[in-house]
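Remember, it's a predicted structure, so these values are computed and weren't measured experimentally.
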Amino acid sequence: MGRKSRVTSMQVARHAGVSRTTVSLVLNNVEKATISNATRQRVFEAAQELGYVPDASARALVQGYSRNIALVIYQPGQQAFLDPYIPHVLTGITEAAQEQGFRVTIEVIREQKNVNQISQLLRSGVVDGIITEQMVGTDELIDAGLRYDDPIVISGENPEYQFHSVWVNMITGQRALIQNLIDMGHDRIACIPYTSPQKSRSLTNRLDDFSKQLAQADITQHEGYMVYGDYRIETAYSAMQQLLKLDRPPTAVFAMNDSMAFGAIRAIYDAGLSVPGDIAVVGHDNHRNGAWSIPTLTTVSVPWSDLGSIAASTLIKLIKGQQTPERMVELETQVIVRESCGTKQAL
């Protein structure tokens, strides 16, 4: 049996009794076209009856854009999805993009020095706009050939005032989390960061504030109380084992993501100790398993999905040349106190 021929826009036009141009304007939802609702309805019904599927490349020519946007992430290899925040951000981006008829692609840049790939991707026309993590500064983006009026939105933990950005104020939630430990009497507080400061600009600010907060409370940062992980549960397990070998082990541990908090808790239990009886543990990001772990995990809820949704909506407005409400959007976090820190008291 021969292959069924593709229905064309000309056939739809004849079936609806309109011109081919009218069919194109209606089905591509060209906003400036002055076409009556009755005519639009007739075209839609004709297309449905004939089983017409618009050609993507033709649609791009009519609308002036490809309806593809990209999420650019910098983490190398499988690390890009080890930390749950990327899937949450992607969920928000995808939902907002689909509502506007856009598709989302993912581009992984394995080294920060290759930031010029962002400019190349944007200029290629493969995508209409880009959402990128803030792993490099404004100067690096400008040097890579990007302009402030380009359709690009920076997402992350610190604001980029020159480019459009959506960012999460991580310091306020972290401060409340650590203050709760201080108020409970802990003066030996260790930290397991999710990576090294050399690999994350935003982490540097958070670690600096952590040190400042302890100093303000007259708490000494004991030698060996900062052991770096690498996003994964296993690395936090090893880091916690190092902390337990110290002459004076910590009485509280701040794991900078929940996955590593789970690893730290397991290492404490395997050493014959308890949480929070011997050592309190707190995490960050509000992983969904935190409410079901034993003990339940004290953490910070971060609106990653909202960040993705707002970033995508802002980007699509830029692509379409529409007004954006503000150049920088700041989102807040919320501390969730559970059993692992030793108190259920609300902050």
Side-chain angles (χ1 to χ4, degrees), residues 28-32 59-60 63-75 80 85-109 115 117-142 144-173 201-202 285 301-334:
N28 287 294
N29 196 27
V30 177
E31 297 175 0
K32 296 181 180 179
R59 184 192 300 122
Q63 295 178 328
Y65 38 80
S66 67
R67 287 194 173 271
N68 294 319
I69 61 175
L71 170 63
V72 175
I73 53 182
Y74 290 85
Q75 296 171 356
Y85 96 91
I86 286 290
H88 289 167
V89 171
L90 186 58
T91 295
I93 292 173
T94 302
E95 290 177 353
Q98 287 180 342
E99 288 180 1
Q100 298 291 325
F102 280 75
R103 293 186 177 88
V104 181
T105 63
I106 298 176
E107 185 80 8
V108 177
I109 296 180
V115 67
Q117 291 180 17
I118 297 177
S119 179
Q120 293 170 0
L121 180 63
L122 189 60
R123 307 297 177 223
S124 70
V126 175
V127 299
D128 301 313
I130 290 173
I131 299 170
T132 178
E133 294 180 286
Q134 188 200 359
M135 300 299 286
V136 296
T138 296
D139 291 341
E140 290 94 332
L141 293 174
I142 294 297
L146 291 166
R147 302 185 299 265
Y148 296 139
D149 58 350
D150 278 332
I152 179 171
V153 176
I154 312 295
S155 71
E157 300 174 15
N158 294 297
E160 279 286 353
Y161 294 98
Q162 294 89 339
F163 289 96
H164 283 81
S165 61
V166 184
W167 71 290
V168 178
N169 187 338
M170 306 291 266
I171 298 299
T172 54
R201 293 177 71 239
S202 60
D285 292 348
S301 179
V302 184
W304 292 126
S305 182
D306 291 342
L307 180 145
S309 177
I310 294 170
S313 298
T314 300
L315 180 61
I316 292 171
K317 283 186 172 72
L318 292 174
I319 292 169
K320 292 183 175 182
Q322 298 174 350
Q323 185 88 19
T324 57
E326 47 192 325
R327 199 168 186 86
M328 184 188 74
V329 178
E330 176 183 348
L331 304 178
E332 294 290 342
T333 58
Q334 178 184 3

Quick check for you: to the nearest 0.5 Å, what is the distance between [X] atom [atom1] and [Y] atom [atom2]?
X	Y	atom1	atom2	result
L146	L122	CG	CG	6.5 Å
I171	T333	CD1	OG1	9.5 Å
Q323	L318	CD	CG	10.0 Å
N169	E332	CG	CD	4.5 Å
Y148	I142	OH	CD1	4.0 Å
S165	L307	OG	CG	9.5 Å

Which pair of heavy atoms, one from [X] and one from [Y], lies closest together, and at what distance?
X	Y	answer
L331	P303	CB-CG, 3.9 Å
V104	A97	CG2-CB, 3.7 Å
S119	A144	CB-O, 3.0 Å
S155	I131	OG-CG2, 4.1 Å
I316	A96	CD1-O, 4.3 Å
V108	Q117	O-OE1, 4.5 Å

Do D150 and F163 have side-chain heavy atoms sitting under 4.5 Å apart?
no

Assess, by modelled atom type and distance only, whether the side chains of E95 and S309 contain a donor and an acceptor separated by less than 3.5 Å.
no

Short side-chain to backbone donor-acceptor contact, S305 and T91, under 3.5 Å:
no

Might you work through the salt bridge (Lys or Arg N to Asp or Glu O under 4.0 Å) test for K320 and D128, ending with a clear yes or no?
CA-CA 10 Å; K320 292 183 175 182; D128 301 313; over 6 Å; no

Verdict with reasoning, I93 to I69, per side-chain contact (heavy atoms from CB on, under 4.5 Å)
CA-CA 10 Å; I93 292 173; I69 61 175; 4.2 Å; yes

Determine the sole option in L71, I152, I109 for which the side-chain contact (heavy atoms from CB on, under 4.5 Å) test with T132 is passed.
I152

Apply the test side-chain contact (heavy atoms from CB on, under 4.5 Å) to residues W167 and I154: give CA-CA distance (whole Å), side-chain angles for both, the deciding distance (0.1 Å), then the verdict.
CA-CA 8 Å; W167 71 290; I154 312 295; over 6 Å; no

Carefully, step by step, assess F102 and L315 under the rule side-chain contact (heavy atoms from CB on, under 4.5 Å).
CA-CA 11 Å; F102 280 75; L315 180 61; over 6 Å; no

